[in-house]
Amino acid sequence: AQSVTQLGSHVSVSEGALVLLRCNYSSSVPPYLFWYVQYPNQGLQLLLKYTSAATLVKGINGFEAEFKKSETSFHLTKPSAHMSDAAEYFCAVSDRNRGSARQLTFGSGTQLTVLP
Amino acid sequence: KAGVTQTPRYLIKTRGQQVTLSCSPISGHRSVSWYQQTPGQGLQFLFEYFSETQRNKGNFPGRFSGRQFSNSRSEMNVSTLELGDSALYLCASSTGMGMNTEAFFGQGTRLTVV
């Protein structure tokens with residue numbers, strides 16, 4: 001079964017600093033990968049997705065992620081943090097081996113705090 | 001274009017009761033998935049419906065059930081509620097069953113079982 005590991009349940013950065021949120025997946029076949037953001041009492045919003053078209057994926061709000069097959073990683077970055085980036089971030093995978101059925105397997109989430 | 005609408009937003013139920021949650025997908029979306037989010041277990045897949053048929057099911061007891069109507073709206077039902085069923089239930093819709101298809105999430109229904 002697919003699994004996703006997000007290293008660091010809490011990450012704090014200063015406003016204007018680099019944001020790096022880590023995600024590693026377990027699969028012999030590269031899955032489809034997604035990053036979602038969740039603000040308090042809200043649903044999930046898609047930031048970006050990897051579908052094998054390009055290893056560097058650009059998303060909304062200045063976020064990007066790089067797929068590295070050799071490291072089974074899909075880390076999320078943003079060059080300069082903004083106060084509005086404070087939220088919980090989830091990495092998710094969709095297993096290509098499941099044929100026509102699809103389900104997202106989520107990591108445990110990383111709470112990002114942005115310090116003034 | 002309206003987003004995914006979940007009703008109600010908040011719900012308080014007593015142990016042993018049953019509850020029905022509703023999800024209206026984005027217009028034109030035919031796939032609806034349900035997820036349970038708790039502090040302890042995180043986000044867990046419940047089931048997915050496409051064209052009124054359950055296509056995929058997560059590892060939840062039979063007390064959790066769902067259905068999808070011809071207009072793609074979906075409901076999930078939890079019978080004989082337990083305290084551990086307290087969670088945020090999220091519904092997501094997408095255009096189809098493709099595994100790289102983007103899932104759009106609603107704001108969720110916060111269920112509290114007392």
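Throughout, protein chains are lettered first and strands after them, A, B, ... in sequence-line order, and every chain is numbered starting at 1. In what follows, every heavy atom counts, from backbone to side chain, and hydrogens, waters and symmetry copies are set aside.
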Margin query: At a 4.5 Å cut-off on heavy atoms, which part of B/L90 comes close to chain A: side chain, backbone, both, or neither?
Written below: side chain

Item checked: side chain to side chain contact (heavy atoms under 4.5 Å, CB included) between B/F45 and A/T105, intermediate numbers included -> CA-CA 7 Å; B/F45 173 79; A/T105 299; over 6 Å; no

Notebook entry, point to check: For B/Q44, is it the side chain, the backbone, both or neither that has a heavy atom under 4.5 Å from a heavy atom of chain A?
Noted result: neither

Notebook entry, point to check: Are A/L7 and A/F63 connected in the hydrophobic side-chain network, where two residues link if heavy atoms are under 4.5 Å apart?
Noted result: no

Notebook entry, point to check: What are the two closest non-hydrogen atoms of B/L88 and A/Q42, and how far apart are they?
Noted result: CD2-O, 4.3 Å

Notebook entry, point to check: What pairs meet the ring pair (Phe, Tyr, Trp, His ring centres under 6.0 Å) rule with one or both residues in residues 63-90 of chain B, with sequence neighbours excluded?
Noted result: B/F60-B/F64

Note to self: Quick check on the hydrophobic clustering: are A/Y89 and A/M83 connected, directly or via other members, by side-chain heavy-atom contacts under 4.5 Å?
What the structure shows: yes

Margin query: Please determine whether the number of non-hydrogen atoms from other residues, nucleotides or ligands lying under 6.0 Å from atom CZ of B/R73 exceeds 12.
Written below: yes

Check: Should we say atom CZ of B/R15 is surrounded by more than 12 heavy atoms from elsewhere, each under 6.0 Å from it?
Finding: no

Item checked: Flag if over 12 foreign heavy atoms under 6.0 Å of CG, B/N59 -> no

Next item on the list: Examine whether an atom of A/Q38 lies under 4.5 Å from a heavy atom of chain B, and if so say whether it belongs to the side chain, the backbone or both; otherwise answer neither.
Entry: side chain

Note to self: Assigning hydrophobic clusters by single linkage (Ile, Leu, Val, Met, Phe, Trp, Tyr; side-chain heavy-atom cutoff under 4.5 Å), is A/V57 placed with A/I60?
What the structure shows: yes

Notebook entry, point to check: After noting the C-alpha distance and the side-chain angles of A/Q103 and B/K57, does the key distance pass the side chain to side chain contact (heavy atoms under 4.5 Å, CB included) rule?
Noted result: CA-CA 9 Å; A/Q103 69 183 64; B/K57 189 176 190 304; over 6 Å; no

Checklist line | Polar side-chain atom of B/Y35 near backbone of A/L104 as donor-acceptor pair, under 3.5 Å | finding: yes

Margin query: Assigning hydrophobic clusters by single linkage (Ile, Leu, Val, Met, Phe, Trp, Tyr; side-chain heavy-atom cutoff under 4.5 Å), is A/Y39 placed with A/V13?
Written below: yes

Note to self: Determine whether B/E102 and A/K49 satisfy the following criterion, side chain to side chain contact (heavy atoms under 4.5 Å, CB included), listing intermediate values before the conclusion.
What the structure shows: CA-CA 8 Å; B/E102 179 177 350; A/K49 65 179 182 181; 4.3 Å; yes

Notebook entry, point to check: Do B/L21 and B/L83 sit in the same hydrophobic cluster, where Ile, Leu, Val, Met, Phe, Trp and Tyr count as joined when their side-chain heavy atoms come under 4.5 Å apart?
Noted result: yes

Item checked: Sorted by number, residues from residues 109-116 of chain A in contact with chain B (heavy atoms, under 4.5 Å) -> none

Next item on the list: Apply side chain to side chain contact (heavy atoms under 4.5 Å, CB included) to A/L44 and B/Q107, showing your working.
Entry: CA-CA 8 Å; A/L44 302 173; B/Q107 292 187 304; over 6 Å; no

